[in-house]
Colleague: 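Dropping a structure here in structure tokens format, bear with me for questions.
Since we're looking at a predicted model, the values are computed, not measured.
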Amino acid sequence: MALEMKVPSPGESITEVEIAEWLVQDGDYVEKDQAIAEVDSDKATLELPAEASGIITLKAEEGDAVAVGQVVCLIDTDAAKPAGGASAPKTEEKKEEKAAPAPAAPIAKETYASGAASPAAKKVLAEKGIDAASVKGTGRDGRVTKDDAVKAVPSMGTPTSGGSRGTSRKKLSMLRRKVAQRLVQVKNETAMLTTFNEVNMQPIFDLRAKHKESFKAKHGVNLGFMSFFTLACVRALKMYPAVNAMIDGDFMIENDFQDISIAVSGPKGLMVPVIRNAENLSFRGVESEVKRLALRARDGQITVDEMTGGTFTITNGGVFGSMLSTPIINPPQSAILGMHNIVERPMAVNGEVVIQPIMYVALSYDHRIIDGKESVGFLVAVKEALENPEELLMDNNLLKALEL
């Protein structure tokens, strides 16, 4: 019996996916629940498991866009398992049967023409501003034909090193295309501005140096910067609720919870999973959730539901060495906080110049619902909490806050 495997729905509102990669070959024997393909939606990359054991027949090519519910392969469940076990997984290079060598095709003569070009070619090259001597002619005796002229591209300068100047063309994944579309949409449809500030990270450095070992020993996770920034943002969002709101037509939707999206780098690009109800989490809770989501993103196991929603986003370009940036809002949210690298800089402290670890922070926000006073006030509140974490984030009870 031939079982028709159809594309399952990856999540609400998703009607189409793209076959990113087949993990098996046509005619392979597959086991039930074996991953046979990776499919890209506009939100995530997901694995497609076999629904039964048998010989597989592929009905779609890599790169094809297929509708949810469309048949992408057949599995012959009556086929016997081949001797020696299941078929090998897809390899980088497919083995091909040996065949008699085909007769060599005649090689077109290709030389640099010394100004010899047909009248039609000369006209095309003149319009492009290209010298005929720089074009490879494929006509008789190296003559530049009209087709050569049409295909010619203006040079960006004469190469002198003799190095490669090849190009390649690769289709963007559905996820990358959707990200590009959303980013352009944000730039075109929001009144986005960015405000900046700097944070003296010395208090957090001192606190982590003193307690990070005992924190990891007890909770099994590191005491990183993300818990401080997440909880500082939760505090500031409560103080400035417009930063936690979003626009829906002529209405502003306010949220009485803080679902914090965190940008993490995955194998398929940037992903933004959500820490739900961050206002109810402790330092241990935030660090555990950050670790869990980052591992799932890295292993390609993150789900659409885990990346849906969010009322505010934190992105950390500092892990890649960024000193300063203007992050783009993650729609339909209204603001995003950008973290950056930490650099020792001279700073005035109590009337004296001292070297301190400084991080520049940036808040991009939608000016349609967030005024300058609120945006600046929000960022100042984040700065104050990070520079005085024991009082403002731990209620002057450090051991209780860290659950030590």
Colleague: Nearest 0.5 Å, what's the CD1-CH2 distance between I36 and W22?
Modeller: 5.0 Å

Colleague: Between Y365 and F378, is the ring-ring contact (aromatic ring centres under 6.0 Å, His included) condition met? List the steps.
Modeller: CA-CA 11 Å; Y365 61 98; F378 174 91; 9.9 Å; no

Colleague: If we ignore angles and hydrogens, is there a donor and acceptor under 3.5 Å between the side chains of E391 and N396?
Modeller: no

Colleague: Please check this pair: side chain of D259 against backbone of N277, looking for a donor-acceptor N/O pair closer than 3.5 Å.
Modeller: yes

Colleague: Sort out for me which residue in K383, M323, M201 forms a side-chain contact (heavy atoms from CB on, under 4.5 Å) with M359.
Modeller: M201

Colleague: Between H340 and S325, is there a donor-acceptor pair closer than 3.5 Å when you use the side chain of the first and the backbone of the second?
Modeller: yes

Colleague: Would you mind reporting whether Y240 and K238 have side-chain heavy atoms less than 4.5 Å apart?
Modeller: no

Colleague: So, for I19 and A60, which heavy atoms are closest and what is the spacing to 0.1 Å?
Modeller: CG1-CB, 4.3 Å

Colleague: Side chains of L3 and E51: does their closest heavy-atom pair fall under 4.5 Å?
Modeller: yes

Colleague: For the atom pair CD (E289) and CZ (R276), what is the distance rounded to the nearest 0.5 Å?
Modeller: 9.5 Å

Colleague: Between R292 and E306, is there a side-chain N and carboxylate O pair less than 4.0 Å apart?
Modeller: yes

Colleague: Less than 4.5 Å apart, side chain to side chain, heavy atoms only: is that true for N330 and Q333?
Modeller: yes

Colleague: Out of curiosity, M307 CE to R296 CZ, how far, rounded to the nearest 0.5 Å?
Modeller: 10.5 Å

Colleague: Is a side-chain donor-acceptor pair under 3.5 Å present for Q185 with N188?
Modeller: no

Colleague: Go through the steps to decide whether L125 and V144 satisfy the test side chain to side chain contact (heavy atoms under 4.5 Å, CB included), and finish with yes or no.
Modeller: CA-CA 10 Å; L125 292 174; V144 179; 4.3 Å; yes

Colleague: Please check: side-chain N/O of R182 versus main-chain N/O of P331, any donor-acceptor pairing under 3.5 Å?
Modeller: yes

Colleague: Between atom CD of Q301 and atom CZ of R298, what is the distance when rounded to the nearest 0.5 Å?
Modeller: 9.0 Å

Colleague: Can a donor-acceptor pair be found, under 3.5 Å and without considering hydrogens, that links the side chain of H367 to the backbone of L193?
Modeller: no

Colleague: Which heavy-atom pair separates Q25 from L58 by the least distance, and what is that distance?
Modeller: C-CD1, 4.4 Å

Colleague: Without swapping roles, check the side chain of N316 against the backbone of G318 for a donor-acceptor pair under 3.5 Å.
Modeller: yes

Colleague: Look up atom CE in M246 and atom CG in D366, then write down how far apart they are to the nearest 0.5 Å.
Modeller: 11.5 Å

Colleague: Do the side chain of S364 and the main chain of P327 share a donor and acceptor less than 3.5 angstrom apart?
Modeller: yes

Colleague: Do L363 and I336 come within less than 4.5 Å of each other through their side chains, counting heavy atoms only?
Modeller: no

Colleague: Has the side chain of K218 got a donor or acceptor atom that lies under 3.5 Å from a matching backbone atom of E403?
Modeller: yes

Colleague: Any heavy-atom pair between the side chains of L293 and V264 that's under 4.5 Å?
Modeller: no

Colleague: Are any side-chain N or O atoms of T190 and backbone N or O atoms of K187, one a donor and one an acceptor, separated by less than 3.5 Å?
Modeller: no

Colleague: Does the separation of the ring centres of F215 and H211 fall below 6.0 angstrom?
Modeller: no

Colleague: Here's one to test your reading of the geometry: is the NZ or CZ of R208 within 45 degrees of the ring axis of F225 and under 6.0 Å from its centre?
Modeller: yes

Colleague: Of all heavy-atom pairs between A297 and M271, which one has the smallest distance, and what is that distance?
Modeller: CB-SD, 4.2 Å

Colleague: When rounded to the nearest 0.5 angstrom, what is the spacing between SG in C73 and CG in D26?
Modeller: 10.0 Å

Colleague: Taking the side chain from E287 and the backbone from L223, do they hold a donor-acceptor pair closer than 3.5 Å?
Modeller: no

Colleague: Would you say the side chains of T308 and D305 form a donor-acceptor pair under 3.5 Å?
Modeller: no

Colleague: Tell me, with the steps shown, if I204 and D206 meet side chain to side chain contact (heavy atoms under 4.5 Å, CB included).
Modeller: CA-CA 5 Å; I204 294 179; D206 295 340; over 6 Å; no

Colleague: Heavy-atom distance under 4.5 Å between the side chains of T326 and F196, does that happen here?
Modeller: yes

Colleague: Which residue is it: T311, N244, L237, V234? I am looking for the one with a side-chain contact (heavy atoms from CB on, under 4.5 Å) to F257.
Modeller: T311

Colleague: Could you tell me if the side chain of Y29 sits less than 4.5 Å from the side chain of S53, heavy atoms only?
Modeller: yes

Colleague: Between M339 and Y360, does a side chain to side chain contact (heavy atoms under 4.5 Å, CB included) hold up when you go through it step by step?
Modeller: CA-CA 7 Å; M339 301 167 57; Y360 294 140; over 6 Å; no

Colleague: Give the intermediate values and the outcome of side chain to side chain contact (heavy atoms under 4.5 Å, CB included) for residues V7 and V71.
Modeller: CA-CA 7 Å; V7 178; V71 176; over 6 Å; no

Colleague: So do the side chains of I275 and I262 get within less than 4.5 Å of each other, counting heavy atoms only?
Modeller: yes

Colleague: Under 3.5 Å, is there a donor-acceptor pair between the side chain of R235 and the main chain of A381?
Modeller: yes

Colleague: Closest approach of I369 and S334, non-hydrogen atoms and distance?
Modeller: CD1-OG, 3.1 Å

